[in-house]
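So the structure is just underneath, and the comments pick up after that.
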Number of protein chains: 2
Amino acid sequence: MSQKKITIHDISRVLGIDSSTVSRALNDSDRVTKKTKEIILKKAKELGYQRNTLASNLRTNKTQTIAVVLPRISRYFFATVIAGVEQIAQEKGYNVIICQSLDSFEREKKIISNLISNRVDGILISISMETTDYEHLKNFQSFGNPIVFFDRPCTLENCVNINIDNYQASFLATEHLLQKGCQQIAHFSGKQNIELYKQRKNGYLDALKKYQIDIDESLIFESNLSEEDGIIMAKKIIETKKIDGLYAANDTSAISAIQYLKSEGIKIPKDIAVVGFNNDPIAAVIEPSLTTINQPAFQMGKKASSQLISQIEHKSTVNQSFVLISELIIRESSNKSF
Amino acid sequence: MSQKKITIHDISRVLGIDSSTVSRALNDSDRVTKKTKEIILKKAKELGYQRNTLASNLRTNKTQTIAVVLPRISRYFFATVIAGVEQIAQEKGYNVIICQSLDSFEREKKIISNLISNRVDGILISISMETTDYEHLKNFQSFGNPIVFFDRPCTLENCVNINIDNYQASFLATEHLLQKGCQQIAHFSGKQNIELYKQRKNGYLDALKKYQIDIDESLIFESNLSEEDGIIMAKKIIETKKIDGLYAANDTSAISAIQYLKSEGIKIPKDIAVVGFNNDPIAAVIEPSLTTINQPAFQMGKKASSQLISQIEHKSTVNQSFVLISELIIRESSNKSF
DNA sequence: TTTATTTATACAATCGATTGTATTTTTGAA
DNA sequence: TTCAAAAATACAATCGATTGTATAAATAAA
């Protein structure tokens, strides 16, 4: 039933050629004659040989594999980043392992430990919401393996970040609401131990300052920005009664808030104009369609992986961070004159 | 800078204990005294030892890894299946590799070949749209490794399938439209070499037959069911002018069709009632909200992986297929009396 | 033809962990 | 105390591919 796998030694035995020569032939080394190569390759194909990557990796101490660690793949943004990562990885001949931290620090630690055991060559990571301690990542780096951080910036010194200018994007989003005439703008923010949400909040705050609007701390809500959180915070907003604008740090919470507010008879954008963040596919479909910030997710994946792979290959390269361009997609949810 | 990784031989040398004993201690073998184990474990921790999985896997000829191969992770259904797979895998101590075929047969072949080289213990697969030849999968199986098919059924004999009753679900979806009074129901179907879409189409056909409605082949559209396809087919529908119902074999095409039809002034569900398939998150948000079939994606992932792992572990187990329960979620898009 | 030089292939060690067998140590019964 | 049985540990081969070095074969120069 279950046939045995062919090794270079089987080929070696059948042909009476040493296994070292077989190995070199299969790797197209110039230490083997073209004629011998042809014989070996033909026989390898005939026997259905497939290289044992485990053995090869063990010997060479290289797995030709990179890992992407992120909160969860079901988010459109992350799925799109992965697509970009895979494209570059495939071009450069790398395998990709995808790991979900589910925003749990414990899981993230386990994942990294597992990746060390599996000797991946490098890691791309968007850290979990709970991550404040970087020891597990430093441990990986201490073996000379590179890490590139994307999406959620890393505050560690000397590490490569690929992200957008969250502060700037946030500033523009808020300014857009202000220009539409909003005076009382609420903000749905994430946990403040996440640098990303700090930056977005700061963009919001500074836009208000620029327009000389007093900061009202009671209009700033901190949560995990889940669907449920969006509803909970929308309820609170209704209670305060004085909001005419909402800037949410993600689309998920913005969308569930819009749905709740609509169900309570509040008109969007007439009563409350809304801007989200991420440009999830749902943002274009919801009514009113959601004004939001589009991140170049695919490009981010490509940039992050090419940066990582270049670090893996020529360790000399300069560790450089990149800021990609985001854009404000203006739709109906912020069109007060609508 | 880059420190060397600790091996069992380092521990062996430091403690003056043979590496075989160290290995056994680390694996909690009962051939090592508790006292010795403690000494070894303590030292291992102290030196920051982490098992080299490559070496271990090479020796044991087991990777404790399963692979999930599917068209693309950005589809909510697949992302949810993966979540289920990972839950079970983690419980049973398996790693999960996620691979996207992007519905390309060539890519799928490459992926399988790569998985063979990487000696994964088993594969969960939803085959690509282009797959009609199963040689690559048979090759994997020929080494004694199990494959479980989910979502898209496999017509190979003697293989394990985990899916819903697509025929039945389709029948119910169509019947629902008929009961709402639809007489002229169009169907968006997928490529007919995919068993899944054949089954869905048959459910649609048989429901019409039951209600003694003549089949009009010009109302059946075959495509990849992409967003663009939805629009193209919606345009064709408008041209025929005689449709009062639409059953699409996925939500993606149903939703883009709804949007296009609305933009053309057609009232949903008044003029045309619509039912989709998959229960994508967007289905609940679009206006009108979309009546659709919900598949138990998470449960499907759990079932598929537990079935696969049980095959890996006790090769004796009966190869059994499973049909999971799906349900029709009735929303506004089919409510003619609305 | 003989020797020097290049080219092709064979030999053997290695990567790190596992595991069957052999040896030493410990325990317990006589 | 002595010896057999059991327990603990050491030895050595192995998984499959890679790679530095050594040897053999082929080519070129003298």
Side-chain angles (χ1 to χ4, degrees), chain A residues 2-41 43-44 47-65 114 116-121 143-144, chain B residues 2-41 43-44 47-65 114 116-121 143-144:
Chain A
S2 92
Q3 70 185 74
K4 233 187 125 269
K5 275 161 188 145
I6 301 296
T7 72
I8 54 170
H9 301 101
D10 297 322
I11 299 175
S12 161
R13 198 175 326 108
V14 172
L15 294 175
I17 297 175
D18 191 81
S19 59
S20 62
T21 303
V22 174
S23 170
R24 289 196 168 95
L26 293 169
N27 286 311
D28 202 24
S29 153
D30 51 12
R31 279 179 59 178
V32 182
T33 335
K34 196 182 287 181
K35 217 172 67 183
T36 317
K37 270 184 199 169
E38 279 168 9
I39 296 171
I40 291 172
L41 259 52
K43 184 58 78 178
L47 296 177
Y49 170 80
Q50 278 197 284
R51 168 190 276 115
N52 185 327
T53 312
L54 299 173
S56 172
N57 291 347
L58 172 61
R59 183 58 229 257
T60 58
N61 201 28
K62 245 214 136 230
T63 53
Q64 208 69 12
T65 300
N114 197 248
I116 295 176
S117 279
N118 278 288
R119 305 296 195 255
V120 300
D121 296 333
F143 299 114
Chain B
S2 93
Q3 70 185 75
K4 231 185 126 267
K5 275 162 189 144
I6 301 297
T7 72
I8 54 169
H9 301 101
D10 297 321
I11 299 174
S12 161
R13 198 175 327 106
V14 173
L15 293 176
I17 296 176
D18 191 82
S19 60
S20 63
T21 303
V22 173
S23 170
R24 289 195 168 96
L26 293 170
N27 286 309
D28 202 25
S29 152
D30 52 11
R31 278 178 61 177
V32 182
T33 335
K34 195 183 286 180
K35 217 172 69 184
T36 317
K37 271 184 200 169
E38 279 167 9
I39 295 170
I40 292 172
L41 260 52
K43 184 58 78 179
L47 296 176
Y49 171 80
Q50 279 197 281
R51 168 191 277 115
N52 185 326
T53 313
L54 299 172
S56 171
N57 290 348
L58 173 60
R59 182 61 231 257
T60 58
N61 200 29
K62 245 215 135 225
T63 54
Q64 208 70 11
T65 299
N114 197 248
I116 295 175
S117 279
N118 279 288
R119 306 295 195 257
V120 299
D121 296 333
F143 298 114

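Every chain is numbered from 1 and lettered A, B, ... according to where its sequence line falls, protein lines coming before strand lines.
For the pair A:R59 and B:G16, nearest-nucleotide mapping onto DNA chain D gives the more 5' position to B:G16. Judged by closest nucleotide on DNA chain D, A:K4 is the one of A:D18 and A:K4 placed further toward the 5' end.
Annotation for A:T63 and A:N118: closest pair CG2-O, 3.6 Å, computed over non-hydrogen atoms. For the pair A:A25 and A:V32, the tightest heavy-atom approach, listed with the atom from each and the gap, is N-CG2, 3.9 Å. Here the shortest heavy-atom pairing between B:F143 and B:I116 reads CE1-CG2, 4.0 Å. Nearest heavy-atom pair across B:S19 and B:I8 is O-CD1, 3.8 Å.
Close approach of DNA chain C to chain A, defined as any atom under 4.0 Å from a non-hydrogen atom of the protein, starts and stops at C:dA8 to C:dG16.
Note on A:N52: only backbone sugar-phosphate atoms sit closer than 4.0 angstrom, heavy atoms only; bases stay farther off.
Between the side chain of A:S29 and the main chain of A:R31, a donor-acceptor pair closer than 3.5 Å is present. A donor-acceptor pair under 3.5 Å links the side-chain atoms of B:T7 to the main chain of B:H9, judged by distance alone.
Between the CD1 atom of B:I8 and the P atom of D:dT9 there is a distance of 16 Å, rounded to whole Å.
Tested against B:K43 for a side chain to side chain contact (heavy atoms under 4.5 Å, CB included), the candidates B:L15, B:I6, B:I17, B:D10 yield a single pass: B:L15.
Summary for the helix from C:dT1-D:dA30 to C:dA30-D:dT1: the axes at its two ends, each from 5 pairs, differ by 50° when rounded to the nearest 10 degrees.
The stretch residues 20-38 of chain A touches DNA chain D through A:S20, A:S23, A:R24, A:N27, A:R31, each having a heavy atom within less than 4.0 Å of the strand.
When side chains are defined from C-beta on, B:N27 counts as touching B:R51, because their heavy atoms get closer than 4.5 Å. Put simply, the side chain of A:R119 does not reach to within 4.5 Å of the side chain of B:T53, judged on heavy atoms.
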